[in-house]
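Remarks on the structure that follows.
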2 protein chains.
Amino acid sequence: MVSHAITLKDIAKQLNVSVSTVSRALSNHPRIGLKTKERVLALAEKLNFRPNPMAVNFKNNKSRNIGIIIPELAKHFYSQLITGAEQLASRHGYNVVICQSNENTHKETILIEALLHSRVEGLLICIANETIDAAPFVKILNSGIPLVFCDREIAGLNISSVISNDYQGAFAATEYLIHKGCKRIAHLAGSENVVNSQYRKQGYVDAISKHGLTYQKIIYTQYDKSQAQVAMRQLLLATPRPEAVLCYNDYVAFDAVEIIKENELEVGKDILIIGFADEPIAQYMTPKLTTVLQPAFAMGEQAMEILLLKLKEGNKAREQMSKILDTQLVIRETA
Amino acid sequence: MVSHAITLKDIAKQLNVSVSTVSRALSNHPRIGLKTKERVLALAEKLNFRPNPMAVNFKNNKSRNIGIIIPELAKHFYSQLITGAEQLASRHGYNVVICQSNENTHKETILIEALLHSRVEGLLICIANETIDAAPFVKILNSGIPLVFCDREIAGLNISSVISNDYQGAFAATEYLIHKGCKRIAHLAGSENVVNSQYRKQGYVDAISKHGLTYQKIIYTQYDKSQAQVAMRQLLLATPRPEAVLCYNDYVAFDAVEIIKENELEVGKDILIIGFADEPIAQYMTPKLTTVLQPAFAMGEQAMEILLLKLKEGNKAREQMSKILDTQLVIRETA
DNA sequence: GGTAGGTGTACAATCGTTTGCACAATATTT
DNA sequence: AAATATTGTGCAAACGATTGTACACCTACC
């Protein structure tokens, strides 16, 4: 029972008016008579008429699609971010096309290409960890399509972005540890090439020196289970060993906690641990992880807000609009 | 620098042929001369021509969109499922429109309505927990749009579906506990109205009776932290108390473990616990959770496969195609 | 009563692509 | 040499909605 979809023509035929009259009546054009408008509206309602979106898109030369590229949907942070972005986009009549780069820069470039060809009207991208080449992004801008970075950005490009305040988060977390009385605070950092990692490290370093502490120890890790564990083992071997460790993210923190437990030390007492992100595992691990919450949902939402603004304002809105959202220390059991 | 997108007309003009010739040359129409084809292909390549997708969709009266409704993207299971479905769809040139019902039947109905109006070509739905009314789904079928249920289904509707074998998973998990020597195995079930919960319960019951055990204790819980905890406390008060608990899902299992620890009992020794789903928390909680893995990625992929088949075959493919994917017991520390 | 202005509606073009049909040119058959 | 088949290309319509322009009718004013 595939019922034929109602078109303007159907309404026009039934009312003995032209298609253009129906179209204008529905869009409340001032030159259409009141009685005609009423008749058209009534019939449109009765037949449950909806303009054919494919025809409208074609006519307007707009896809009403927004492309989103993230590293991996199955990470809670990104699925939250997407949810924020998608909800707002959908409220403005846009569909969202979600693509996953799997932290692979090459795939990212291919996805960008594909999205541009599919005529998305805007792009929201959380770039892969290793991505440093600006060329694909410059290409997007040159094609006239608005672009907003979220969570991660390429510095020096003047591209709008919404990121969380990594510096402030790490600074606050480190200060918290200092207020707790720790003198020897170590940092399991992320990769040296990732800007987020750099900011977090700097927050740590500055908090340490602000309070005149002398102990400072940083070990870089890519995210990789064994590396984080090796690094933590290394920290435990040092004498005197650190009283607290600020970790690059919750997964690193989890690994650190495992190693500490293996060494029969008590996390939260012998050694304090703070993570970063507030992934669900923070609440489910034992002891529960004290961590720096990144407002994933709000980040996605605000990045989309900027994108929608740019879409509305057209080309004049090329100036950079960036936001840095504050993080929040969530105190649980590990510190 | 918004460069005007290349159209067939541009190519036709440059080569002094008609638009239709260009169109046919590109689609390798047999009546177009070899030399003409070569010239057209060369220029199309050079100009990086891509057919305007909005025009093609409009012409074909196809949106190339597939709607997916899930309860909540931020649950790992669903983001995995989506990933499987999306990858396959994208390989076949379809976009996927992802919508979240938040386990709300009313919102689900509204989303279905909206997706139908947006002219999606097919629908893949993981229904909300409480959904029982078949009407919206019958409406989808009557509109001629293929529909596949995934993860959850409404029984007796003859609608294609891909679900995991809840019965077998629960049966195997219970048998495993029995082989471990447990005689008193309790079950923290989900809601009595949810079919998945019914199947899991039945698997538990049948395994118990197959092995001639007499102890059987079932407590129903909606998923809700306090309810699961109350239920677990109740189990601990019973004398003799159960030696093992099969939980409706990993979250219930986590709550159960918390309560057991509060009571100074050792999980995995005094009481064995098995969860369901294999969410990430299973690996991160302490002790690590033994659980029944549901193949989320494969479920999404296979549901999409059925949907794509129906899309390809058109209306003749109305018969039901259903799959039940086996689960797998992942043995960790709690049992 | 003629013109100006306002009101209500229809016609036709447009967006980019696809496709049935027509027609011309060439090749093949009788 | 004439009839027929084959090959290569162009014309035009179609999809559904929008919109500039034309036109008919009515009212009001001088």
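All of these numbers come straight from a predicted model, not from anything done at the bench. Numbers restart at 1 for each chain; the letters A, B, ... are given by sequence-line order, proteins then strands.
Looking at S20(A), its side chain comes within 3.5 Å of the base of dC11(C) through a donor and an acceptor atom.
Around NE2 of H117(B), the count of heavy atoms belonging to other residues, nucleotides or ligands within 6.0 Å exceeds 12. Counted within 6.0 Å of NZ on K107(B), heavy atoms from surrounding residues, nucleotides or ligands total more than 12; the atom is thus considered enclosed.
I32(B) has its CD1 atom 13 Å from the P atom of dT19(C), to the nearest Å. What separates CG of N28(B) from C1' of dG8(D) is a distance of 14 Å, to the nearest Å. Counting to the nearest Å, the P atom of dG16(C) and the CG atom of N57(A) are 14 Å from each other. Between L26(B) atom CG and dT17(C) atom C1' the separation is 11 Å, expressed in whole Å.
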Derivation and outcome, side chain to side chain contact (heavy atoms under 4.5 Å, CB included), residues I66(A) and L123(A)
CA-CA 6 Å; I66(A) 290 174; L123(A) 277 167; over 6 Å; no
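When each of N61(B) and K37(B) is assigned the nucleotide of DNA chain D with its nearest heavy atom, K37(B) is the one assigned upstream, toward the 5' end. When each of A55(B) and N60(A) is assigned the nucleotide of DNA chain D bearing its nearest heavy atom, the one mapping closer to the 5' terminus is A55(B). With DNA chain C read from its 5' end, the first of the two nearest nucleotides for R50(B) and R24(B) is the one closest to R50(B).
Between E103(B) and R152(B), at least one side-chain N (NZ, or NE/NH1/NH2) sits under 4.0 Å from a carboxylate O, which counts as a salt bridge.
Phosphate contact (OP1/OP2 of dT9(D), side-chain N/O of T36(B), threshold under 4.0 Å): present. The shortest distance between the side-chain N/O atoms of S23(B) and the OP1/OP2 oxygens of dT17(C) is not below 4.0 Å. Between K9(B) and dC15(C) there is a side-chain polar atom (N or O) within less than 4.0 angstrom of OP1 or OP2.
No donor-acceptor pair under 3.5 Å is formed between the side chain of N52(B) and the backbone N or O of T7(B).
Stacking is found between F58(A) and the pyrimidine-like six-membered ring of the dC15(C) base under the 5.5 Å centre-distance and 30° plane-angle cut-offs.
At the heavy-atom level, V17(A) lies under 4.0 Å from the strands shown only through sugar-phosphate atoms. If you check every strand for non-hydrogen atoms under 4.0 Å, N16(B) touches sugar and phosphate atoms only.
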